[in-house]
Amino acid sequence: MNTLRLQLRFLVPLVVTLVAAAYLALSLMDRLTLRWFSRDLDLRGTLVADALSDSIAQALADPLDGRLQALFNRTLQDERLVAIGLCSVDGRLLRRSAAFPVSLTCSEALQAAAHADPMLRIEGGPVHVGMYPVNEESGRVADLVLLHDLSFIERRSQDTRRYLIILIAALGATIAMITVVVAQLSWRGWVSGARALLRGEGLLRPLLHPTPELAPLAADLRTRLRDLEDEFRRAQGPETEWSPDRLRSLLRTQLRGDEIIVVSNREPYIHEQTSSGIVVKRPASGLVTAVEPVMRAADARVVDAHDHVLAPPGRDEYTLRRIWLSVDEERGYYYGFANQGIWPLCHVAHVRPVFRESDWDLYRQVNQRFADAVVSEARSEDPVVLVQDYHFALSPAMIRARLPRASILSFWHIPWPNPESFGICPWRREILIGLLGSTILGFQTRFHCKNFIETVDRYLEARIEHEHSTISFHDEDTLVENYPISIEWPGAVSSSAWSPIEQCRRNVAERLGVAPDQKLAVGIDRLDYTKGILERLHAVERLLEMSPEWTGRFVFVQVAAPSRSSLDEYRSFQERLQQVTDRINQRFGGADYRPILLLAEHHERDALTELYRAADVCLVTSLHDGMNLVCKEFVAARDDERGVLILSRFAGAAREMTEAVIVNPYHVEECAVALQRGLTMPEAEQRERMASLRMTVREFNVYRWAGRMLTDASRLRLRQRVEARVQRHQVG
Ligand code: GDG
């Protein structure tokens with residue numbers, strides 16, 4: 001039906017054009033043939049007149065001579081010649097043959113002969129009128145009027161017309177047929193081509209069967225299809241999303257309800273004694289943000305307390321054990337070796353690590369205390385022990401020594417440097433040996449895994465199996481894998497407690513004195529020199545220099561939760577931040593406008609969520625970061641799919657979150673331009689980027705991180721059990 005309509009659209013104008021062409025061609029052809037024949041007849045007439053001239057002149061000399069009539073009769077035997085008349089030089093009709101019309105005068109004949117189409121209609125039909133001079137030596141003596149029959153022209157013209165009509169009709173029919181067939185084939189080609197595109201074949205094999213007619217459409221169609229697919233996938237979420245339930249079921253099935261113990265330096269809840277009673281706080285720590293939801297799902301035991309405390313407060317989903325450190329232990333192990341030694345050693349932030357023998361001793365001592373606590377807490381011989389971070393590099397080997405059948409999963413939350421950088425640590429071998437006590441050693445990125453394997457290769461006698469990413473040391477295998485960490489994706493319950501975006505914006509504006517029409521950028525970090533906060537301030541300053549129109553129209557809020565503040569580097573870093581903030585505020589601010597608000601205090605989680613939701617731009621400009629969770633939290637908070645994320649390329653997160661505006665934090669101008677871009681980004685682009693980022697973070701959530709590690713652990717445990725059974729059989 002569609003093709004018929006399409007064909008009619010072509011056929012009707014074709015028929016109309018052909019009829020019009022035939023009409024024009026026929027009348028043109030009539031005129032032309034008449035003209036051609038007239039010319040022939042004129043020539044013929046001239047010949048006849050020339051031939052008769054002498055005889056006529058003689059006959060005229062003798063008016064009684066009857067030869068003229070006989071001459072006329074003889075000449076008229078020519079079947080084309082109808083009549084002959086003879087006119088005197090002064091225009092009188094001297095003689096005429098019988099068929100010469102009586103009414104035709106010489107002057108009328110002369111007039112008709114002078115016409116371009118010298119045709120006259122007489123009784124017998126149309127005739128050609130020709131007038132030719134009859135000359136003798138003395139000059140013209142008369143004019144001969146010859147009337148030639150033209151009815152044969154009409155007959156011929158009718159024949160030609162018939163042939164022409166047949167020709168045009170045949171041509172039309174052929175064109176129509178070809179058109180119908182080609183249209184039919186093309187239509188089929190189009191339909192099947194478009195169907196192939198819709199089925200996705202064109203996407204998979206775009207170059208195999210190119211359909212040139214579809215080329216202009218194909219790109220549009222593909223783009224639209226991808227958009228639809230994206231929208232569909234976003235709406236659907238990941239095929240099998242990692243959730244607390246899925247993690248729980250993994251623990252029940254694959255790990256058969258085995259005991260899980262988590263070792264961490266930072267406790268997930270701080271119970272603080274205040275004048276109004278005990279207040280529970282969540283520390284500002286990426287580790288806590290990531291690991292605490294996993295502990296809830298796993299019903300884990302946390303070796304971190306003097307006594308057992310049920311957590312989370314009021315929900316009692318797992319047991320927390322605190323280990324109290326003496327002031328010396330805290331100073332040497334935590335502030336000393338961990339945070340003045342390993343932290344700067346592993347981060348390229350141009351702060352020199354400090355290694356003291358005394359710190360190292362305390363680090364070893366505290367690692368042993370935690371390892372002993374694991375052993376005393378363990379109710380089985382083969383618990384799954386999750387050791388968190390650089391504070392416990394030695395504990396894995398210590399635990400392995402006491403619980404050889406335990407599965408020890410260590411995760412290094414910060415970057416691992418290259419062998420040369422790591423080589424400056426005086427106890428590099430001990431640290432590597434300590435970590436190789438792990439069954440699985442996890443890093444944030446593949447790059448950090450590679451650095452670790454190269455470091456082992458450089459400083460230990462170990463067998464490295466690159467193919468399986470396994471290191472064998474003293475007959476024990478360690479799987480070195482990357483498990484990018486993430487956050488818990490906010491479920492319906494937690495996100496339903498959030499205020500609407502507009503409300504968040506109003507609350508933040510009111511709380512911080514930001515005008516409703518001012519654009520808002522935020523940065524949320526632990527106050528740490530690796531986070532690139534200073535570089536961010538410089539970028540804001542550069543933006544205000546480059547685009548002064550932002551002055552008064554833009555505010556940058558930096559939350560900097562105090563961290564490790566008993567260390568000199570951190571204290572002086574905070575002072576420096578304050579100085580730079582004050583300088584920029586003085587330079588660009590006024591009585592009631594400050595472009596930078598530095599909030600160097602701990603914030604509650606709800607306040608952070610409100611800030612994330614109120615912001616136009618979120619700045620994450622770490623100089624070096626294992627992963628960085630702030631950027632993921634920002635994305636998770638933006639269920640309106642608005643807001644722009646500016647992300648450092650030196651954060652592990654930049655590998656997954658490619659739709660962010662990626663920057664080099666050391667390049668002040670680049671960051672300022674990114675900020676400008678973020679503040680002016682069209683909503684459609686924000687939505688496009690944010691929707692995609694949300695899909696990534698939702699899928700690659702923290703349950704997936706833990707799930708992947710625990711799945712690998714269960715695989716290795718199964719292999720261990722099978723090997724043990726095989727050995728028993730062999731012995732038997
Ligand atoms: C290490 C690695 C890796 C910040 N201020 C407050 C507060 N925060 C929270 C943030 C976020 C967390 O602290 C910081 O997470 P990061 O990932 O940025 O960083 P680190 O603490 O350095 O963590 C890092 C992480 O481990 C996990 O593996 O990503 O690369 O360095 O959750 O929201 N939280 C509260 N008040 C604040 O004022 N409650």
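The basis for the numbers below is simple: all heavy atoms, side chains too, and nothing from hydrogens, waters or symmetry mates. Numbering of ligands and ligand atoms starts at 1, following listing order. Since this is a predicted model, take the numbers as computed values, not measurements.
Those atoms of ligand 1 with a heavy atom of A561 less than 4.0 angstrom away are 5 (N), 6 (C), 37 (C), 38 (O). Every atom of ligand 1 is numbered from 1 in the order shown, and the set under 4.0 Å from a heavy atom of I485 is 27 (C), 28 (O). Atoms of ligand 1 lying under 4.0 Å from any heavy atom of Q444, numbered from 1 in the order shown and given with element: 3 (C), 28 (O). Those atoms of ligand 1 with a heavy atom of L608 less than 4.0 angstrom away are 6 (C), 7 (C), 33 (O), 34 (N), 35 (C), 36 (N), 37 (C). Using a 4.0 Å cut-off to heavy atoms of R605, the atoms of ligand 1 that qualify are 9 (C), 10 (C), 32 (O), 33 (O), 34 (N). Which parts of ligand 1 touch N628 is read off a 4.0 Å heavy-atom cut-off, strictly below it: atoms 3 (C), 17 (O), 18 (O), 24 (C), 29 (O), 30 (O). Taking every non-hydrogen atom of H602 and a distance limit under 4.0 Å, the qualifying atoms of ligand 1 come out as 35 (C), 36 (N), 38 (O), 39 (N). Every atom of ligand 1 with a heavy atom of E633 under 4.0 Å away is listed here by number and element: 10 (C), 11 (C), 32 (O), 33 (O).
Ligand 1 lies out of reach of Y483, whose nearest heavy atom is not under 4.0 Å from it.
A cation-pi arrangement is not found for R364 relative to W427, the charged atom failing to lie both closer than 6.0 Å to the ring centre and inside a 45° cone about the ring normal.
Considering all non-hydrogen atoms of both residues, P353 and I424 come closest at CG-CD1, 3.8 Å.
The aromatic rings of F634 and Y612 lie tilted to each other, with the angle between the two planes from 30° to 60°. Aromatic ring orientation, Y666 versus H350: perpendicular (interplanar angle above 60°, classes split at 30° and 60°). Taking the six-membered ring where the residue is Trp, F355 and F337 present tilted rings, their angle falling between 30° and 60°. Using cut-offs of 30° and 60° on the angle between ring planes, the pair Y529 and Y570 is tilted. In this pair, W412 and Y390 present their aromatic rings perpendicular. The plane angle is above 60°, beyond the 30 to 60° band.
The side chain of W343, and not its backbone, has at least one atom closer than 4.0 Å to an atom of ligand 1 (non-hydrogen atoms only; side chain from C-beta on). The proximity of D528 to ligand 1, defined as any non-hydrogen pair under 4.0 Å, does not occur for either the backbone or the side chain. Both the backbone and the side chain of L629 come within 4.0 Å of ligand 1, counting heavy atoms alone.
Not one N or O of E604 is nearer than 3.5 Å to an N or O of ligand 1, by distance alone.
Each of R698, R694, R613 was scored for a salt bridge (charged side-chain N to carboxylate O under 4.0 Å, His left out) with D639, with one residue passing: R613. Here the rule is ring pair (Phe, Tyr, Trp, His ring centres under 6.0 Å) with W705, and of W242, F700, F411, W489 only F411 fits it.
Of the listed residues (R526, K531, H603), the one carrying the non-hydrogen atom nearest atom 19 (O) of ligand 1 is K531.
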